[in-house]
Amino acid sequence: MRTRTAALAAAVVTAAAALLLTGCGSDAASDTAACKAAVTELFDDIKNNSTDFSRPGACAGIDEATLQGIITEVGQEQMKGAGLAP
């Protein structure tokens, strides 16, 4: 269980850092629900050893503060889903 906990925590931190550091948003209008779904999919891919940390296209146009909130929310959901958070 500790290995899974460490792997999930590492995936959450890695995805969050990578998403915030890869490219700025564009002026295109974007849907935060679609961005959240894409970030969730990215986290799932990372848990399965993907090394693609690029910002999902669905998050184009999302400002950094909003994206950070989405990443935090998805990370918390992932941790809860794994039984690692209350």
Pairs satisfying salt bridge (charged side-chain N to carboxylate O under 4.0 Å, His left out), at least one member in residues 75-86, at least two apart
K36-E77

Shortest non-hydrogen contact between V39 and I70, atoms and distance
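Heavy atoms only, the tightest pair is CG2-CG2, 4.1 Å.
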
Closest approach of C35 to A58 (non-hydrogen atoms, all atoms of both residues)
CB-O, 3.7 Å

Return the [atom1] to [atom2] distance between [X] and [Y], rounded to the nearest 0.5 Å.
X: I71; Y: Q76; atom1: CD1; atom2: CD; value: 12.0 Å
X: K47; Y: L42; atom1: NZ; atom2: CG; value: 11.0 Å
X: C59; Y: L67; atom1: SG; atom2: CG; value: 5.5 Å

Partner set under side-chain contact (heavy atoms from CB on, under 4.5 Å) for E41, not counting sequence neighbours:
D45

Could you tell me whether the side chain of D44 reaches within less than 4.5 Å of the side chain of Q78, counting heavy atoms only?
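Of all side-chain heavy-atom pairs linking D44 with Q78, at least one is under 4.5 Å.
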
Using the side-chain hydrogen bond (donor to acceptor under 3.5 Å, both in side chains) criterion, which residues pair with T66? Sequence neighbours excluded.
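T66 satisfies side-chain hydrogen bond (donor to acceptor under 3.5 Å, both in side chains) with D63 only.
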
